[in-house]
There are 4 protein chains.
Amino acid sequence: MKRSVREAKKQEKRTLILTTTARLFKEKGYHATTIADIIRETGLARGTFYLYFREKQEIFNEMLKALYTSLTAGVWQFEIEKFQDRESFYNQLVALGYRLLKIFREHREVVQILVSNPAGADSAFDRQVHGFYTLLVEVARGMIERGIETGRIVPHDSKLLSLILTGGLREFVFQWLTTGLYEDELEDKIEQIVFFFMRGVEVR
Amino acid sequence: MKRSVREAKKQEKRTLILTTTARLFKEKGYHATTIADIIRETGLARGTFYLYFREKQEIFNEMLKALYTSLTAGVWQFEIEKFQDRESFYNQLVALGYRLLKIFREHREVVQILVSNPAGADSAFDRQVHGFYTLLVEVARGMIERGIETGRIVPHDSKLLSLILTGGLREFVFQWLTTGLYEDELEDKIEQIVFFFMRGVEVR
Amino acid sequence: MKRSVREAKKQEKRTLILTTTARLFKEKGYHATTIADIIRETGLARGTFYLYFREKQEIFNEMLKALYTSLTAGVWQFEIEKFQDRESFYNQLVALGYRLLKIFREHREVVQILVSNPAGADSAFDRQVHGFYTLLVEVARGMIERGIETGRIVPHDSKLLSLILTGGLREFVFQWLTTGLYEDELEDKIEQIVFFFMRGVEVR
Amino acid sequence: MKRSVREAKKQEKRTLILTTTARLFKEKGYHATTIADIIRETGLARGTFYLYFREKQEIFNEMLKALYTSLTAGVWQFEIEKFQDRESFYNQLVALGYRLLKIFREHREVVQILVSNPAGADSAFDRQVHGFYTLLVEVARGMIERGIETGRIVPHDSKLLSLILTGGLREFVFQWLTTGLYEDELEDKIEQIVFFFMRGVEVR
DNA sequence: CATGAATGAGGATTCATTCAT
DNA sequence: AATGAATGAATCCTCATTCAT
């Protein structure tokens, strides 16, 4: 049907905007990317952009939504599924780390934006980024509390621990995505981080 | 003397700009703060601002310099002084944490800007912020390596550990400074962080 | 077609800017003319100007290019064509003068700017104006040297002569274009200038 | 007397401003030179400048006045004195050229400003420059008319001739002062110009 | 649906000039 | 007389967004 051809074309253009903008965000940063950049790089007309997105922010929201979807499918549900079985807690955490890694790899651009833009001020963008971290912290916190309840983690201020953990991971991911550090040994590093998280650094 | 009266007034105005801008940075974020905001809030004339600072960036530099000075006096030299004596490593780290805390309290505004703002893109500001973290990571790394050499820390990828540590602390400080969390129990939380850093979370 | 209607309107606006700016340059001089003046006089919005030209300079370049094109077609090639035939040298020079005059008449505005504005300092504008004169001097010099080679002009420092000639003509054109002097007897005056150039003033 | 010491100091400061500004005008051009430049280079206070001159323009006027004084003493009166005696007309013109040259050498800076800033627009500055040329043209015209009356110059449109002559000289002086061309052979070139003015270029 | 010309608010910076000390 | 801090008008330029075609 003509209808669906049109629909397809429309979706195509939408995707074009999304991928192009993702690249621009990566290259110049979110704030430095202007609508002018986007229409220049996509080759679309100025007004066309506004047919698909009302503002730059909306593109970012879209990307973020995709990330959330992946996270929901791959991580959020993780704790429910996996915490039941016999695997050691350590291995479970490593497996979780691998899952996160996989998702971050698939959503490099958004993740890079998220880790490069700590959210302080109060633009819509900042609130989104902040929301992401809050969520992450809450998830981590939930896991830690579960660990405490099930006797695998010594009692701690779970909020504090989750903040430290989330912040630490963020710096790690930031370093990886912006400088390429650890690119070829990420799985190994994940294990080291989990090891550190479990045992600390002290010589015993 | 007449001379000093003028000088004093000038210094007063300089301070006015600095404190007002610090507040604005805090309220709206560094990037969202415009020169127009600054002159409106200080009540100064358009041109007066440029009499004291050539650009917004310069105000931030000023603040940062003061922080660096404090850090140099209070922390950098710390490792040299303290790592010699008999105190337990744990206590040493806690003491270091307290020192950092004290300095961060005295420089709340700058620190808040540092933990709240993008360090990804490449404006002069971003480079400054990034430089600060790089420095912090390097200092942490040096300490960790010393710990490994002296047999107090089990061999680890020191770069990785320092990234995680710095990132974790940053999130902690960010939370404290923007939401007021832990305001009245910071010393306690520092101890918990050091404890976590040393022993991890695993039940043994 | 719709397409061409839009195109036409755009061209119209472009022309509006060009003519309005030409008038302003004439009235207030190049340097005294601001972008604000241009948008006020054209009735356009602030940003519209930048849709057509990136800077004031670009308008001038546009005008200058048109002049260069005419000069290339009408004068530069002149010496090649005409110096071959039998016409007396005197008549040839007069003919060249007429040609120049015709071109200057068609490009009054640019020419007026060129003869009325500083060529000393080193802005982009000044370099353009200076480049124009340098070119003129070089062309004049080439012609004089050809005249010397072919035995029609007594040996002289050709550079010096071309400087004097170019400067003299410029003052003449300046007077004509700013005060209207000689407006109705330009051809006659051209002949007098050529006569003076050939024979000097001395009574013999 | 105290009075005269003060007076002397005042005069000194005035001179300081004049020479410093002359240098700046030469280096950066008249328009590009700001009051800020002047007070920086003189080391005077902002307000002090305004005790001596109300505006930049006034400094230029001062310089111009000095040039006028020299011209009045050395050239204007020239025609009156010299045109009486037996010297050949040619030699008289050369002598006049030498005199002009001497004066221009002594007032390099002002002269450079005058020849670098053809006056088109209508600022006070432009009017001054324009006035200078008008005067020069009038003087030249007077001389030419006298030459015609006394039978040494063939009848010509004296206004036209004086425009051409003045413009030519200006270009010559401009070249000399801005590029240094002819610096070491100026007297020689003056003679060549007079020769050209008298006899033209034609081979006879 | 698509286009792209037009808009004007918003932000940075410079500079001549004044005026209290 | 000298000072130099303060002023604010003037200028340039960018950019998100609208709207007629």
Side-chain angles (χ1 to χ4, degrees), chain A residues 6-7 9-10 13 31-40 43-57, chain B residues 1-14 31-40 42-57, chain C residues 1-14 31-40 42-57, chain D residues 6-7 9-10 13 31-40 43-57:
Chain A
R6 258 199 190 169
E7 281 295 310
K9 267 205 165 176
K10 206 176 159 185
K13 227 162 247 183
H31 292 293
T33 301
T34 67
I35 305 284
D37 290 330
I38 298 171
I39 63 138
R40 183 174 11 82
L44 296 174
R46 255 195 133 64
T48 307
F49 173 83
Y50 289 90
L51 291 177
Y52 293 90
F53 300 94
R54 247 166 318 167
E55 25 171 10
K56 196 170 62 168
Q57 175 67 40
Chain B
M1 283 165 278
K2 269 182 190 174
R3 184 75 180 269
S4 61
V5 171
R6 242 194 205 179
E7 280 295 308
K9 268 205 164 177
K10 204 178 165 184
Q11 192 52 48
E12 219 171 79
K13 210 156 268 185
R14 190 186 179 79
H31 292 294
T33 301
T34 68
I35 305 281
D37 291 330
I38 298 172
I39 64 140
R40 182 172 14 80
T42 53
L44 298 174
R46 291 209 85 75
T48 307
F49 173 83
Y50 292 92
L51 227 52
Y52 292 88
F53 300 94
R54 248 164 319 170
E55 23 168 14
K56 199 171 60 168
Q57 175 71 38
Chain C
M1 284 164 277
K2 269 180 191 175
R3 185 74 181 269
S4 60
V5 171
R6 242 195 204 176
E7 282 293 310
K9 266 205 165 177
K10 205 178 163 184
Q11 192 52 49
E12 218 171 80
K13 212 158 267 182
R14 191 185 178 80
H31 291 294
T33 301
T34 67
I35 306 281
D37 291 331
I38 297 172
I39 63 141
R40 183 172 15 78
T42 53
L44 298 174
R46 291 211 84 76
T48 307
F49 173 83
Y50 292 93
L51 227 54
Y52 292 89
F53 299 94
R54 249 166 317 170
E55 21 168 17
K56 200 173 58 170
Q57 175 70 41
Chain D
R6 259 198 191 171
E7 281 295 309
K9 266 205 164 177
K10 207 175 158 185
K13 225 161 247 181
H31 292 293
T33 301
T34 66
I35 305 284
D37 291 330
I38 297 171
I39 64 137
R40 183 175 12 80
L44 296 175
R46 258 197 130 63
T48 307
F49 173 83
Y50 289 90
L51 291 177
Y52 292 89
F53 299 94
R54 248 167 317 167
E55 26 169 10
K56 198 170 60 169
Q57 175 67 41

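Residue numbering restarts at 1 for every chain, and letters A, B, ... go by the order of the sequence lines. Treat the numbers as computed from the prediction; the structure is a model and nothing was measured. Both backbone and side-chain heavy atoms feed into the values below; hydrogens, waters and symmetry mates do not.
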### Task
Using a heavy-atom cut-off of under 4.0 Å over every strand shown, decide if A/Tyr52 touches base, sugar-phosphate, or nothing.
sugar-phosphate
### Query
For B/Lys13, which contact category applies under a 4.0 Å heavy-atom criterion: base, sugar-phosphate, or nothing?
sugar-phosphate
### Task
Could you check how far CG of B/Leu51 sits from P of E/dT13, rounded to whole Å?
15 Å
### Summary
Between C/Gly43 and B/Arg54, whichever has its closest DNA chain E nucleotide further toward 5' is C/Gly43
### Task
Grab the CD1-P distance between D/Ile35 and E/dT14 for me, whole Å please.
17 Å
## Note on the structure
When rounded to whole Å, the NZ to P distance for the pair C/Lys10 and E/dG4 reads 9 Å
With a cut-off of 3.5 Å and sequence neighbours excluded, list every side-chain donor-acceptor pair involving residues 46-57 of chain D.
residue, atom, partner, partner atom, Å
D/Arg54, NE, D/Glu58, OE2, 3.1
D/Arg54, NH2, D/Glu58, OE2, 3.2
D/Lys56, NZ, D/Tyr30, O, 3.2
D/Lys56, NZ, D/Thr33, O, 3.0
D/Gln57, OE1, D/Tyr30, OH, 3.1
D/Gln57, OE1, D/Phe125, N, 3.1
D/Gln57, NE2, D/Asn61, OD1, 2.9

### Length of the CD-P vector between B/Glu7 and F/dA5, whole Å
7 Å
### Query
Roughly how many Å is it from CZ in A/Arg40 to P in F/dA16, rounded to a whole number?
12 Å
### Task
With DNA chain F as reference, determine whether B/Phe49 or C/Asp37 sits nearer its 5' end, using the nearest nucleotide of each.
B/Phe49
## Note on the structure
Closest to the side chain of A/Tyr50, out of F/dG4, F/dT18, E/dA5, is F/dT18
### Task
Look through every strand shown and name the nucleotide pairing with E/dG4 as Watson-Crick or G-U wobble, where both distances are under 3.5 Å.
F/dC19
### Query
Among E/dT7, E/dC1, E/dT3, which is the nearest nucleotide to the side chain of A/Ala45?
E/dT3
### Query
Can you check the C/Ile39 CD1 to F/dA10 C1' distance for me, whole Å?
13 Å
### Query
Partner of E/dA9 by Watson-Crick or G-U wobble geometry, both contacts under 3.5 Å, or none?
F/dT14
## Note on the structure
Per nearest nucleotide of DNA chain E, the residue lying toward the 5' end, C/Gly47 or D/Thr33, is C/Gly47
### Task
Check every strand shown and say whether B/Thr34 touches a base, only sugar-phosphate, or nothing at a heavy-atom separation below 4.0 Å.
sugar-phosphate
### Summary
From CD1 of C/Ile38 across to C1' of F/dA10 the rounded distance in Å is 15 Å
#### Entry: Donor/acceptor link under 3.5 angstrom from C/Arg46 side chain onto base of E/dT7
no
### Query
Picking from E/dA5, E/dT13, E/dT7, which would you name as closest to the side chain of B/Glu55?
E/dT13
### Task
Specify the separation, in whole Å, of atom NZ of D/Lys56 and atom C1' of E/dA16.
10 Å
